[in-house]
Student: 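Here it is, the structure in full.
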Number of protein chains: 2
Amino acid sequence: MPSLLKASRRSGGRDLRHSAAERRDEVLRAAVDAFAIHGLHGTSTEMIAKRTGISQPYIFRLFPSKKDLFLAAVDQCFDRVEAAFRKAAENPDVATASHHLGGSPADRRLHAMGHAYVRLVAHRELLLFQMQAYAACADDEIRRKVKQRWERLMKVTAELSGASRDELTLYFARGMLLNVVASIGLVPEGAADAWGHKALGIG
Amino acid sequence: MPSLLKASRRSGGRDLRHSAAERRDEVLRAAVDAFAIHGLHGTSTEMIAKRTGISQPYIFRLFPSKKDLFLAAVDQCFDRVEAAFRKAAENPDVATASHHLGGSPADRRLHAMGHAYVRLVAHRELLLFQMQAYAACADDEIRRKVKQRWERLMKVTAELSGASRDELTLYFARGMLLNVVASIGLVPEGAADAWGHKALGIG
DNA sequence: CCGCGAAGTTATTGAGTAATCAGTAATAGT
DNA sequence: ACTATTACTGATTACTCAATAACTTCGCGG
């Protein structure tokens, strides 16, 4: 039985070496998923390594510490939401019935962004990770980052939608309710989409 | 240097023995505070023991496991909110200007309960603990308990206030926004009260 | 084909941590 | 006063986990 090792590696040509940047990205995705479920302290670097398919210590060549990895994950998470919002605002009437009901342009855009958000968080990881980020705010560095990204998201949403401060507050409030409801599984996973629309008051 | 030990114990007469029930309660309070900040996995039983002023192993005589302690803390937390709501609903016009503006009885009661909630979570621990409870919902036992208590709270709130389903959804959505905003310290601790009133849409 | 930098691993450490056990001291009941 | 019960602690265990160090392997440019 010679050369048992690397038998798997050779096959196909997949899962060979990746560039550091690629690996960083893979680790980041795995990290968001893992952190989303178990939180900062409940997730071990070992878990993240296993999901990524690399050894645990290699994480620390890509990120200086577990906390730094978490911070990077926060950025990635907000980036995704922001991107979805921008795209929805640019093209408010795609995949939406909002051009039927009239409404002001601001309403239409907010509406479209709501749809985008619901679609985005249909995969629950993003939603759950957000909750974990809020929960981890005892750490001051994390709190600062989350706060900064939250404020930026509100600003961007305001600019994109042109909605008033009160409208936005209500809008975000409903989003947060959606987060909590998803966390505790008040709504069956399959029905999350429909429920989301209802909770946000759209559609 | 004889009898150094117990020198502290003798003095005064305080910090002597408590009944198991008393200690259980003390541990529970300390646990809520600690869990609120660091979460289920970020809080060690040692921390809770230190806060309570007992040895770490004694925790495990009062609670079978750390998770059971957390579950008990969840119950205590929701109990407190529920109690505050009941009290507010029974006597809606105490410490409130709501008898000035008319409004339906349901509105007045919801209004009063909103005030009660804001007052309750002015000490942030309750708020933060709630977030930690939602975040810990990856554990199925915890999720079930949180879900059960949440549903019960909604039912109680509905009965007490007589508000409609839509009113309640909005009400709870704003509460959740308040939670998040408090978590990330978007609002200075001192101003939390005023901000809370504004966020909940109460005068 | 060689060697050098980048990608990746194994082994290890040191600090912490939930939980158990075996015991000690205070109090209540008689 | 004495004993049974109840409150509580110290020592320890078995284990996990972030982080480091020291090593190996790959693949590219010359």
Side-chain angles (χ1 to χ4, degrees), chain A residues 3-28 30-31 34-35 38-73 136 139 141-142, chain B residues 3-28 30-31 34-35 38-73 136 139 141-142:
Chain A
S3 75
L4 269 189
L5 349 168
K6 48 170 83 166
S8 66
R9 288 208 148 243
R10 285 269 118 258
S11 61
R14 278 292 154 270
D15 88 318
L16 266 117
R17 303 191 137 199
H18 299 201
S19 77
E22 273 177 319
R23 280 294 193 215
R24 236 189 89 99
D25 214 62
E26 289 172 30
V27 169
L28 220 40
F35 283 138
H38 298 105
L40 170 57
H41 300 290
T43 305
S44 68
T45 54
E46 179 81 47
M47 286 161 117
I48 298 173
K50 277 237 171 77
R51 272 173 187 260
T52 313
I54 59 173
S55 68
Q56 176 261 335
Y58 191 46
I59 301 238
F60 290 89
R61 186 145 312 189
L62 302 170
F63 296 88
S65 76
K66 190 183 166 186
K67 201 171 94 179
D68 285 291
L69 173 52
F70 191 85
L71 288 168
D139 181 291
E141 209 176 337
I142 294 179
Chain B
S3 75
L4 267 189
L5 350 167
K6 47 172 84 166
S8 66
R9 289 208 147 244
R10 287 268 119 259
S11 62
R14 277 291 154 272
D15 90 319
L16 268 118
R17 307 191 130 199
H18 298 201
S19 78
E22 273 177 320
R23 279 294 193 213
R24 236 189 89 98
D25 215 64
E26 290 171 28
V27 169
L28 221 41
F35 282 138
H38 298 106
L40 171 56
H41 300 291
T43 305
S44 68
T45 54
E46 179 81 47
M47 286 161 118
I48 299 172
K50 277 238 173 77
R51 271 172 188 262
T52 313
I54 60 173
S55 68
Q56 177 263 338
Y58 191 46
I59 300 237
F60 290 88
R61 185 145 310 192
L62 301 171
F63 297 88
S65 74
K66 190 183 164 183
K67 200 170 93 177
D68 285 290
L69 173 52
F70 191 84
L71 287 168
D139 182 290
E141 210 176 337
I142 294 178

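A, B, ... follow the sequence lines: proteins, then strands. Residue 1 opens every chain. These numbers come from a predicted model, not from an experiment.
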Student: Could you pull out the closest heavy-atom pair between A:Val27 and A:Phe63, with the gap in Å?
Tutor: CG1-CE1, 3.7 Å

Student: Quick one: NE2 on A:His41 to NZ on A:Lys67, what's the gap to the nearest 0.5 Å?
Tutor: 9.5 Å

Student: Using atom CD1 of B:Ile48 as one end and atom P of C:dT17 as the other, report the distance to the nearest whole Å.
Tutor: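 Whole-Å distance recorded here is 11 Å.
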
Student: Quickly work out the B:Ile59 CD1 to D:dT9 P distance and round it to whole Å.
Tutor: 10 Å

Student: Could you tell me whether the side chain of A:Arg23 has a donor or acceptor atom within less than 3.5 Å of a complementary atom in the base of C:dG8?
Tutor: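 Absent.
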
Student: Given atom CD of B:Gln56 and atom C1' of C:dT20, what is their separation to the nearest angstrom?
Tutor: 10 Å

Student: Quick one: which of D:dG10, C:dA18, D:dA18 gets closest to the side chain of A:Lys66?
Tutor: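 Closest nucleotide to the A:Lys66 side chain: D:dA18.
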
Student: How would you label the contact of A:Ile54 with the nucleic acid (heavy atoms, under 4.0 Å): base, sugar-phosphate, or nothing?
Tutor: sugar-phosphate

Student: Is any side-chain N or O of B:Tyr58 closer than 4.0 Å to OP1 or OP2 of D:dT9?
Tutor: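 Indeed not, no polar side-chain atom of B:Tyr58 lies that close.
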
Student: Pick the closest DNA chain D nucleotide for A:Pro64 and for A:Met47 by heavy atoms, then say which residue is nearer the 5' end.
Tutor: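 Final value for this comparison: A:Met47.
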
Student: Does a side-chain N or O from B:Ser55 land closer than 4.0 Å to OP1 or OP2 of D:dC8, or not?
Tutor: no

Student: From the options D:dC8, C:dG8, C:dA11, select the nucleotide whose nearest atom is closest to the side chain of A:His18.
Tutor: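 Of the candidates, C:dG8 comes closest.
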
Student: Any donor-acceptor pair under 3.5 Å between the side chain of A:Glu46 and the base of D:dA18?
Tutor: no

Student: Once you round to the nearest 0.5 Å, how far does CG of A:Asp25 lie from OG of A:Ser19?
Tutor: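 Spacing of CG (A:Asp25) from OG (A:Ser19) equals 9.0 Å.
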
Student: Rounded to the nearest 0.5 Å, what separation is found between the NE2 atom of B:His38 and the CE atom of B:Met47?
Tutor: 4.0 Å

Student: How close or far is atom P of C:dA11 from atom CZ of A:Phe60, stated in whole angstroms?
Tutor: 19 Å

Student: Would you mind reading off the distance between B:Leu62 atom CG and D:dC8 atom P, rounded to a whole angstrom?
Tutor: 8 Å

Student: Select one nucleotide: of C:dA18, C:dA7, D:dT9, the one nearest the side-chain heavy atoms of B:Thr45.
Tutor: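 From the listed options, C:dA18 comes nearest.
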
Student: Side chain of B:Arg17 only, heavy atoms from C-beta on: which candidate in C:dA7, C:dA25, C:dA18 is closest?
Tutor: C:dA25

Student: Figure out the CZ/P separation between B:Arg61 and C:dT24, and round it to whole Å.
Tutor: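 Rounded to whole Å, this separation is 14 Å.
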
Student: Please classify the nucleic acid contact of A:Thr52 as base, sugar-phosphate, or nothing, using heavy-atom distances under 4.0 Å.
Tutor: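 The answer is nothing, as A:Thr52 stays clear of every strand by at least 4.0 Å.
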
Student: Drop me the distance from A:Tyr58's OH to A:Arg23's CZ, to the nearest 0.5 angstrom.
Tutor: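 Output value for this atom pair is 7.0 Å.
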
Student: What is the distance, rounded to the nearest whole Å, between atom CZ of A:Phe70 and atom C1' of D:dA18?
Tutor: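 Value for this atom pair: 16 Å.
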
Student: Over all strands shown, is B:Ser44 touching base, sugar-phosphate only, or nothing at heavy-atom distances under 4.0 angstrom?
Tutor: sugar-phosphate

Student: Check the distance between C:dA18's C1' and B:His41's NE2 and give it to me in whole angstrom.
Tutor: 13 Å

